[in-house]
Amino acid sequence: MTALGFIASLSARASDAANSLSAAMVSNTQTPAPPSFNNDPQLFMWNLFLMTAGFFLGAMMVGRQGSRIWGQRRYDHPLDPVSLYRLITLLAGMALMIRCGAEAVSLWGWNPDDPALTARALMAKRMVDPIALAFGFTWMALVILGEPGIEHQLRKAPLPVDMWSRWPVLGRALIVIALSFAAALVAVIFR
Amino acid sequence: MRFAAVAGAAAATPIATAPVTWDFLGYSYHPGPVLISIIAVAITRAIVFLQTKGRRQVVLDVLVSMLCALIAALWTQAHSLDLLQAGVTGIGVAAIGLGIISMAKGQVGAALREGFQAMLKVLAGTNNPPA
């Protein structure tokens, strides 16, 4: 019952964004960036850039590992080391996507002319962050639980991994990073 | 806030709050949200659709991406969206992708059918039979 009450109070607070403390703070702060940036456009741009890029890269990771897990589901047992490895990276990507996505929404949505929307984004970030943390704790727990088996398998020859042959696969991530930087620059210049 | 303010030292710079307005063929728009919507389209298309093989497929992808960018930019301009809404619009339009064409086909087809029905009704005249 207490959990239900907690969720009910959360949703009540979320639905009343226009009269929230966050909205009052936003309407009292007539700056183009959140006040924690202290009117520093450079810092704001870096945060916008990295949070946007983090969201998209996390989403790419989740999509990639998800499709790998789904595609190999008949071949790999769920408790195989490779399955654990895929699950760990999937959860890490999910944590990054959720955390950076919520932050990016609150940064992109900062708009003193619309305090209700801005307050909704700010409060949504506070509610979504614990979920991202849960994903993070889960992958760390999986690392600990799977450590003996995974390390035993990883010690088998051939040991050195030829990473540089895979370099072109990162091209898409680089494109996303460059475009995120362009987006943040545009947002800061033309605000 | 200009480029100099961005590229300059990290000192606290006073930020100009007057929004920039550009003009294109008589349509005035805020360049920030419009450019953001286009970049959002580009990022989403790069993530989802950059694995196509073959020349024709790549050409088709580029054309659809340009169509998506155009639609997102026009939508942003027409509704004078803010940054967040412009970005979400760009992501959504790019995610629809090719479906935009079928949606447009459906809309145009429905309009044509309704017009045809109206024309038939006018041609048929009133219900009163000639005496």
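The shown structure was predicted, so the numbers you read here are calculated from the model rather than taken from an experiment. Every chain is numbered from 1 and lettered A, B, ... according to where its sequence line falls, protein lines coming before strand lines.
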Answer yes or no: is there a side-chain heavy-atom contact under 4.5 Å between A:W108 and B:I36? yes
What are the two closest heavy atoms between B:P31 and A:F190, and how far apart are they? CG-CD2, 3.6 Å
Could you pull out every donor-acceptor pair under 3.5 Å between side chains of residues 80-108 of chain B and any protein atom, sequence neighbours left out?
residue: B:D82; atom: OD2; partner: A:N111; partner atom: ND2; Å: 2.7
residue: B:T89; atom: OG1; partner: B:Q85; partner atom: O; Å: 2.6
residue: B:S102; atom: OG; partner: B:G99; partner atom: O; Å: 2.8

Are A:L107 and A:V188 in one and the same hydrophobic cluster, where Ile, Leu, Val, Met, Phe, Trp and Tyr link if side-chain heavy atoms are under 4.5 Å apart? yes
In chain order, what residues pass the ring pair (Phe, Tyr, Trp, His ring centres under 6.0 Å) check against B:W75, with sequence neighbours excluded? B:H79
Consider only side-chain heavy atoms of I, L, V, M, F, W and Y, link residues closer than 4.5 Å, and tell whether B:V59 and B:M66 are in one cluster. no
Per-residue contact mode, A:L43 against chain B (heavy atom under 4.5 angstrom): neither
Residues 55-82 of chain A vs chain B, non-hydrogen distance cutoff under 4.5 Å, contacting residues -> A:F56, A:M60
More than 12 foreign heavy atoms under 6.0 Å from CG of A:L21: is that the case here? no
Pairwise distance CD1(B:I43) to OG1(A:T52) - rounded to 0.5 angstrom: 7.0 Å
Name every donor-acceptor pair, under 3.5 Å, that has one atom in a side chain of residues 123-132 of chain A and the other anywhere in the protein, sequence neighbours excluded.
residue: A:K125; atom: NZ; partner: A:E103; partner atom: OE1; Å: 3.4
residue: A:K125; atom: NZ; partner: A:E103; partner atom: OE2; Å: 3.4
residue: A:D129; atom: OD1; partner: A:R99; partner atom: NH1; Å: 2.9
residue: A:D129; atom: OD2; partner: A:R99; partner atom: NH1; Å: 2.9

So with a 6.0 Å cut-off around CE of B:M119, is the heavy-atom count from everything else above 12? yes
